[in-house]
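One structure is given below, encoded as structure tokens.
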Amino acid sequence: MNNNQIASLFREIAAAYGIKDEKKFYFQMLAYQKAADAIEQSTSEAKDLYDEGKLEELPGIGKTIALRLEELFKTGKVKHFAEIKKGIPEGVFPLLQVPKIGPKTAFKLVTILKLKNPQTVIYDLEKGAKLGKIAKIPTFGTKSQEEILNALAQYREGRTKSARMVLPFAYEIAGKVIDYMKKCKAVKQIETLGSLRRMVATIGDIDLAVASHNPKEVISWFGKYPYKERIIEAGPETSSFLTSGGKQVDLMVQPPEGFGALLQHFTGSKEHNIRLRTYALSKGLSLSEHGIKKGLKSYQIPTEEEFYETIGMQWIPPEMREDKGEIELAVKRELPKLVELKDIKGDLHTHSSFNIEPSHDLGGNSIPEMAQKAKSLGYEYLGLAEHNPSITNHTPEQNYHLILKRNNEIDRVEKTEKVHLFKLLEIDILADGQLALDEKSLSLLDGAIASVHSSFTQPKAKITERILKSLSHPKVRILGHPTGRLLNQRESLDADWPQIFKFCKEHNKALEINAWPNRLDLPDTLVRQALKAGVKIIIDTDSHAMDQLAVMKFGVAVARRGWATAKDIVNTQSYEKFRQWLLYNQV
DNA sequence: GCCGTTTTCGGCCCGACTGTTTTCAGTCG
């Protein structure tokens with residue numbers, strides 16, 4: 001059973017507790033939800049942690065749940081879970097993925113309408129709703145029937161509770177709505193909130209905060225956004241709509257005097273806020289989105305800086321707000337100074353259209369175009385890293401000449417464009433760990449990025465050995481998109497990361513943060529671990545066209561979420577320093 | 001069921017919105 005499966009099992013158990021007796025089992029519900037989050041966010045498979053005796057190191061996994069997991073891994077099932085689920089029809093659980101349907105609603109619908117088959121429950125419920133059966137159930141009415149039909153339609157379009165969009169996509173939608181909202185005179189200030197403001201790799205809903213003295217006008221303007229499907233709700237200070245692309249946008253409004261509290265509250269994360277509130281309570285302060293209460297007196301807080309200062313700590317960058325120790329550091333005023341986009345001096349993983357007949361896709365712009373774009377972004381240097389020439393279609397000698405031809409072009413452009421260019425390649429790590437390029441061709445390069453592009457499902461030991469073997473070559477300075485994950489499409493490959501970190505630290509190799517929208521790889525949690533192990537990071541865009549160089553900011557966001565400072569990132573160094581690092585140990 | 005700068009017991013964040021309920025339950029963030 002993998003982490004995702006375990007997490008969803010735990011959510012079912014939480015729901016089952018809620019259905020059985022919400023009051024009695026309230027804290028068990030919370031515990032299983034928290035455990036589900038912990039397993040889902042873990043960078044190691046729970047099964048591996050169990051084998052190593054480290055399950056209880058995950059926050060939210062204690063003795064009891066560790067024992068349940070042990071039983072699960074040993075026997076494939078858990079007696080206690082069967083006990084809790086007893087009396088709850090299986091049809092309930094698929095419904096929990098439908099927006100607006102929680103445990104209580106699902107249970108009522110399934111039992112009263114007798115929806116027994118979990119395979120067809122979604123379809124059966126829709127059929128029942130269309131026949132008007134839901135409206136007849138006590139505590140339901142025609143409006144809730146309609147709402148459920150709407151939710152089922154959304155579900156059909158793939159909008160389940162766990163479905164998330166990649167960060168850059170959410171960023172773009174938010175940008176459009178923000179531009180629109182800024183045209184409303186009542187809007188004094190507007191910011192993103194939630195996972196979008198924290199720059200998490202995947203985003204559920206788009207949340208926005210507005211500072212205004214006239215919330216009514218703001219909500220009304222928001223409701224007139226032209227590219228929406230329909231309004232979901234509209235209250236006095238919050239409103240939501242669904243875009244024509246089916247994405248939910250939530251808006252919250254507060255007067256400017258209270259904007260800081262609003263921003264803080266809805267930026268989250270939930271875990272950060274819970275820890276912050278608990279800490280504040282110990283100082284006699286109660287926090288909410290409206291402000292801070294001390295005894296019977298409440299205070300509005302205009303800025304986030306003031307909000308954190310009032311509790312007695314430094315302002316914490318949104319990317320760090322995950323309850324991973326940032327609050328303790330902020331109290332001591334020892335937060336690290338995180339890397340910023342303006343610190344980046346060059347992009348090293350880019351693909352031009354120069355045709356070296358590569359193993360994978362070419363870029364869309366010429367080397368001069370790429371160089372000009374890099375210069376316009378203020379970079380000192382750029383790395384050209386096309387895929388290696390195909391080894392099945394060429395002899396080594398042909399490859400050598402293809403690379404030589406490209407090198408000549410790079411030399412020419414470097415002179416005319418006056419930006420430093422590096423002759424790199426992105427080289428496939430073959431299934432046995434060999435590089436897909438021979439020694440003679442490798443000698444033509446300033447350095448190489450090695451990447452896994454095939455055989456993702458090899459066993460952990462094999463994959464680790466394979467990566468280490470490729471990194472052992474002196475020309476290979478960077479491991480490209482290390483986990484190979486594609487957000488919403490492909491899981492990370494299963495490697496022994498601590499071992500790879502150790503090797504990189506010892507041999508001065510860099511791990512890439514690939515800023516490509518559906519990669520964002522290394523994932524932030526592994527970045528944090530790599531940095532703790534003393535490994536250097538490089539942030540690249542993997543651009544296949546010059547306009548894509550702009551996605552660098554998302555790579556920087558991943559680095560910030562991993563608590564990286566400029567010193568941890570090799571491409572924040574000046575040209576000379578970076579060149580020295582690249583040529584390390586090559587002679 | 002978890003957890004500890006109130007540490008092995010006794011807490012566990014706080015509020016908005018909707019629908020159908022005449023005072024609140026359910027969902028969401």
Side-chain angles (χ1 to χ4, degrees), chain A residues 10 13-15 17-19 22-38 55-56 58-69 80 84 95-96 98-109 134-148 150-151 161 193-196 203-209 215 219 231-240 248 250-254 261-262 264-293 298 312 323 327-328 331-332:
Chain A
F10 280 9
I13 298 305
Y17 269 125
I19 292 165
E22 190 181 8
K23 289 212 171 82
K24 188 173 166 193
F25 297 122
Y26 182 70
F27 295 107
Q28 279 84 346
M29 269 170 61
L30 290 188
Y32 274 95
Q33 273 158 12
K34 197 172 176 204
D37 291 341
L55 268 179
E56 289 186 53
L58 289 178
I61 309 285
K63 257 204 180 89
T64 309
I65 294 186
L67 277 173
R68 310 271 190 241
L69 281 171
H80 179 68
I84 298 165
L95 285 184
L96 297 176
V98 179
K100 305 273 177 187
I101 297 185
K104 305 285 180 58
T105 307
F107 184 69
K108 267 191 216 158
L109 290 170
I134 291 179
K136 292 186 190 130
I137 303 173
T139 77
F140 288 79
T142 49
K143 281 203 173 169
S144 39
Q145 177 168 278
E146 215 167 288
E147 191 174 77
I148 287 171
N150 258 329
K161 278 179 205 163
L193 295 170
S195 50
L196 185 54
I203 308 293
D205 297 333
I206 292 164
D207 300 321
L208 300 172
I219 299 280
I231 296 173
I232 296 169
E233 55 159 73
E237 52 189 40
T238 74
S239 177
S240 306
Q248 185 168 335
D250 300 334
L251 187 82
M252 341 254 159
V253 190
Q254 284 283 298
L262 176 74
Q264 197 292 318
H265 178 86
F266 285 105
T267 297
S269 65
K270 191 175 74 191
E271 292 74 18
H272 173 86
N273 281 0
I274 288 173
R275 174 64 58 103
L276 196 68
R277 275 153 216 285
T278 310
Y279 179 81
L281 279 177
S282 75
K283 305 269 167 196
L285 303 170
S286 167
L287 314 178
S288 82
E289 67 259 50
H290 300 295
I292 296 182
K293 268 190 226 162
S298 33
D323 188 26
I327 290 173
E328 291 76 1
V331 171
K332 290 192 276 181

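Labels below follow one simple rule: chain letters A, B, ... track the order of the sequence lines, proteins then strands, and each chain is numbered from 1.
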Considering only the [atom1] atoms, how many Å lie between [N] and [M], rounded to the nearest integer?
| N | M | atom1 | result |
| --- | --- | --- | --- |
| B:dG26 | B:dT21 | C1' | 12 Å |
| B:dT20 | B:dT27 | C1' | 15 Å |
| B:dT23 | B:dG29 | P | 29 Å |
| B:dG11 | B:dT7 | C1' | 12 Å |
| B:dT8 | B:dC13 | C1' | 24 Å |
| B:dC9 | B:dA16 | C1' | 34 Å |
| B:dG10 | B:dT6 | C1' | 10 Å |

First of A:E328 and A:A31 reached from the 5' end of DNA chain B, by closest nucleotide: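 Between the two, 5'-proximity favours A:A31.
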
query: Relative to the 5' end of DNA chain B, which residue comes earlier, A:T278 or A:Q28, by the nucleotide with the nearest heavy atom?
result: A:Q28

statement: Answer for the Watson-Crick or wobble partner of B:dT8, both distances under 3.5 Å, is none

- request: Would you indicate whether A:R68, at its atom CZ, is surrounded by more than 12 heavy atoms from other residues, nucleotides or ligands within a distance under 6.0 Å?
  value: yes

Within 6.0 Å of CD in A:E146, more than 12 heavy atoms from elsewhere: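 No - once you tally the heavy atoms of other residues, nucleotides and ligands closer than 6.0 Å, there are 12 at most.
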
Do [X] and [Y] come within less than 4.5 Å of each other through their side chains, counting heavy atoms only?
| X | Y | answer |
| --- | --- | --- |
| A:I84 | A:I13 | yes |
| A:K34 | A:I274 | no |
| A:L287 | A:Y279 | no |
| A:L276 | A:I327 | yes |

N or O in side chain of [X] less than 4.0 angstrom from [N] OP1/OP2:
| X | N | result |
| --- | --- | --- |
| A:S286 | B:dC13 | no |
| A:T238 | B:dA16 | no |
| A:T139 | B:dG26 | no |
| A:K136 | B:dT20 | no |
| A:K100 | B:dT27 | no |
| A:H80 | B:dG1 | yes |
| A:R68 | B:dG1 | yes |
| A:H265 | B:dC13 | no |
| A:Y32 | B:dG1 | yes |
| A:Y17 | B:dG1 | yes |

Taking atom [atom2] of [N] as reference, at what distance in whole Å does atom [atom1] of [X] sit?
| X | N | atom1 | atom2 | answer |
| --- | --- | --- | --- | --- |
| A:I137 | B:dG26 | CD1 | C1' | 15 Å |
| A:L281 | B:dT6 | CG | P | 12 Å |
| A:K293 | B:dG15 | NZ | C1' | 10 Å |
| A:K23 | B:dG26 | NZ | P | 9 Å |
| A:Q264 | B:dG15 | CD | P | 14 Å |
| A:K332 | B:dT5 | NZ | C1' | 12 Å |
| A:M29 | B:dT27 | CE | C1' | 11 Å |
| A:I274 | B:dG29 | CD1 | P | 15 Å |

Name the closest nucleotide to the [X] side chain, picking from [options].
| X | options | value |
| --- | --- | --- |
| A:K270 | B:dC17, B:dG19, B:dC13 | B:dC13 |
| A:D205 | B:dG29, B:dG15, B:dA16 | B:dG29 |
| A:R277 | B:dG29, B:dC13, B:dT20 | B:dC13 |
| A:T64 | B:dG19, B:dG1, B:dG15 | B:dG1 |
| A:H290 | B:dG15, B:dT6, B:dG29 | B:dG15 |

query: Stacking check: are the rings of A:F27 and B:dC2 less than 5.5 Å apart at their centres and under 30 degrees in tilt?
result: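 Here the ring of A:F27 and the base of B:dC2 are not stacked, as the 5.5 Å and 30° limits are not both satisfied.
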
message: Determine whether a donor-acceptor pair (N or O, by modelled atom type, separation under 3.5 Å) exists between the side chain of A:S298 and the backbone of A:I292.
response: no

Pick base, sugar-phosphate or nothing for [X], based on heavy-atom distances below 4.0 Å to the nucleic acid.
| X | value |
| --- | --- |
| A:P99 | sugar-phosphate |
| A:L287 | sugar-phosphate |
| A:T142 | sugar-phosphate |
| A:F140 | sugar-phosphate |
| A:A234 | sugar-phosphate |

task: Check each of A:M252, A:Q254, A:R277 against A:H265 using the side-chain contact (heavy atoms from CB on, under 4.5 Å) test, and report the only one that passes.
output: A:R277

